[in-house]
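Below is one structure, written out as structure tokens, with a few remarks after it.
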Amino acid sequence: MQVKPIHTRIFKEGENLESFVVEHVPAISDATILVVTSKIVALSEKRTADVARRDEIIKQESDVAIRTKYTWLTIKDGTVMSSAGVDESNADGKLVLLPKDSFAAAEALRSALVRRFGLTKFGVVITDSRVLPLRAGIVGVALGYAGIKGVRDYRGTPDIFGRILKLARTDVADSLATAAVLEMGEGAEQRPLCIIEDAPVEFVDTIDRTELHIDIEDDLYRPLFDTLN
């Protein structure tokens with residue numbers, strides 16, 4: 001798998017996302033994946049706010065919001081994250097929210113680029129950063145995606161010794177996001193785009209946006225959270 005970050009100029013609020021991508025990626029081949037940081041998707045949607053409204057905006061954007069020592073621990077769109085994804089980094093003095101609907105944004109961009117370049121197998125992944133419990137540093141996460149199957153399911157298949165796997169699934173979408181975020185960076189790199197080639201993925205025309213979701217009652221870490229309350 002080849003992961004190729006793309007250095008760009010600074011994206012301006014309200015710009016056309018497709019035009020920006022084509023400006024910096026003038027040619028796209030079949031069987032590739034375009035990774036786009038959620039920040040420029042949100043900026044294209046003018047999803048910004050005044051920093052003075054930070055706590056108010058975080059609460060508005062969250063399904064659950066709990067104040068912690070360092071930040072707000074929130075649940076948004078079925079995902080645990082810090083501060084509902086509301087971020088001040090690389091935001092030029094503003095708050096940048098998450099895209100309104102990352103799956104819809106990924107599909108819109110994919111459809112436009114498929115038409116423009118005549119592609120048949122092509123994926124788009126919109127990324128953000130996450131901190132894992134009890135681990136330092138961030139990893140990438142896929143807020144939304146299009147054109148690829150987000151999960152590889154091994155349940156019901158044998159392992160190398162013939163034991164039938166009951167729970168094993170690979171989170172393809174978030175794995176791609178993490179590989180891209182590692183190359184794109186979190187600071188002043190100016191690499192909001194990335195092309196992934198030769199990825200072990202299944203390209204599809206229709207995705208199931210719920211395939212990565214796990215109900216909180218079935219989540220592996222639920223007993224730990226209950227113990228800590």
Side-chain angles (χ1 to χ4, degrees), residues 5 8-17 20 35-106 108-109 124-145 173-174 177-178 180-194 209 212-214 216 219 221-222 224-226 228-229:
T8 72
R9 61 173 174 80
I10 294 175
F11 188 89
K12 299 176 182 177
E13 185 174 356
E15 272 198 73
N16 181 276
L17 183 59
F20 179 80
V35 181
V36 185
T37 180
S38 61
K39 186 151 291 177
I40 66 171
V41 178
L43 286 171
S44 74
E45 299 174 351
K46 298 185 178 180
R47 294 268 292 164
T48 62
D50 190 300
V51 293
R53 299 179 61 209
R54 179 179 177 83
D55 286 357
E56 173 193 351
I57 293 295
I58 289 171
K59 291 176 184 178
Q60 286 179 0
E61 290 287 304
S62 303
D63 299 316
V64 176
I66 303 169
R67 186 64 185 165
T68 67
K69 181 178 180 181
Y70 297 109
T71 184
W72 287 89
L73 180 62
T74 60
I75 297 177
K76 178 179 172 62
D77 298 334
T79 305
V80 176
M81 63 182 75
S82 170
S83 301
V86 175
D87 191 13
E88 294 180 55
S89 63
N90 291 317
D92 196 23
K94 294 184 177 182
L95 294 175
V96 179
L97 286 60
L98 294 183
K100 189 168 184 62
D101 184 334
S102 293
F103 280 98
L109 182 58
V124 172
V125 177
I126 295 176
T127 68
D128 194 24
S129 302
R130 289 289 180 275
V131 177
L132 299 177
L134 304 181
R135 302 293 283 184
I138 64 95
V139 296
V141 65
L143 293 181
Y145 52 91
D174 288 335
T178 290
V181 166
L182 179 63
E183 293 281 3
M184 294 159 78
E186 288 290 309
E189 291 91 346
Q190 281 185 227
R191 296 172 175 174
L193 305 174
C194 184
R209 64 163 62 200
L212 286 175
H213 177 73
I214 294 177
I216 191 169
D219 190 83
Y221 295 103
R222 177 63 188 267
L224 176 61
F225 294 143
D226 287 343
L228 294 175
N229 279 339

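- No donor-acceptor pair under 3.5 Å is formed between the side chain of E56 and the backbone N or O of R53.
- A salt bridge is defined here as a Lys NZ or Arg NE, NH1 or NH2 lying under 4.0 Å from an Asp or Glu carboxylate O, and D128 with K76 fails to meet this definition.
- Taking all atoms of both residues into account, the shortest heavy-atom contact from K46 to G14 is CE-CA, 3.8 Å.
- The two residues I126 and A106 come nearest to each other via the heavy atoms CD1-N, 3.6 Å.
- Proximity of F20 to P192: side-chain heavy atoms (C-beta onward) are separated by under 4.5 Å at one or more points.
- The backbone N or O of A142 sits less than 3.5 Å from a side-chain atom of D174, completing a donor-acceptor pair.
- D77 contributes no side-chain N or O that, together with a main-chain N or O of T79, makes up a donor-acceptor pair within less than 3.5 Å.
- Judged by distance alone, the side chain of T74 and the main-chain N or O of A65 form no donor-acceptor pair under 3.5 Å.
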Would T37 and F11 count as a side-chain contact (heavy atoms from CB on, under 4.5 Å) if you check the C-alpha gap in whole Å, the side-chain angles of each, and the deciding distance to 0.1 Å? CA-CA 11 Å; T37 180; F11 188 89; over 6 Å; no
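- Between the side chain of K39 and the backbone N or O of S89, at least one donor-acceptor pair lies under 3.5 Å.
- Side-chain contact check for M81 versus E61: every heavy-atom pair is 4.5 Å or farther apart.
- Remark: the backbone N or O of L43 is not paired with any side-chain donor or acceptor of E13 at under 3.5 angstrom.
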Is there a salt bridge (charged side-chain N to carboxylate O under 4.0 Å, His left out) between K94 and D92 once you walk through the steps? CA-CA 6 Å; K94 294 184 177 182; D92 196 23; over 6 Å; no
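- Within the 3.5 Å criterion, the main-chain N or O of K59 finds no donor-acceptor partner in the side chain of S62.
- Here the side chain of R54 pairs no donor or acceptor atom with the backbone of L95 at under 3.5 angstrom.
- In terms of the salt bridge (Lys or Arg N to Asp or Glu O under 4.0 Å) criterion, E45 has no residue partners (sequence neighbours excluded).
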Evaluate the criterion side-chain contact (heavy atoms from CB on, under 4.5 Å) for residue pair D101 and R209; output intermediate values, then yes/no. CA-CA 11 Å; D101 184 334; R209 64 163 62 200; 3.2 Å; yes
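- Closest approach of L98 and R47 over heavy atoms only: O-NE, 2.9 Å.
- The minimum heavy-atom distance between A180 and C194, with the atom names listed, is CB-SG, 4.0 Å.
- Residues L193 and I40 are in side-chain contact: their nearest non-hydrogen atoms beyond the backbone lie under 4.5 Å apart.
- In plain terms, the two heavy atoms of S82 and T71 that are nearest each other are OG-OG1, 2.8 Å.
- In this structure a side-chain-to-backbone donor-acceptor pair under 3.5 Å is present from N90 to G187.
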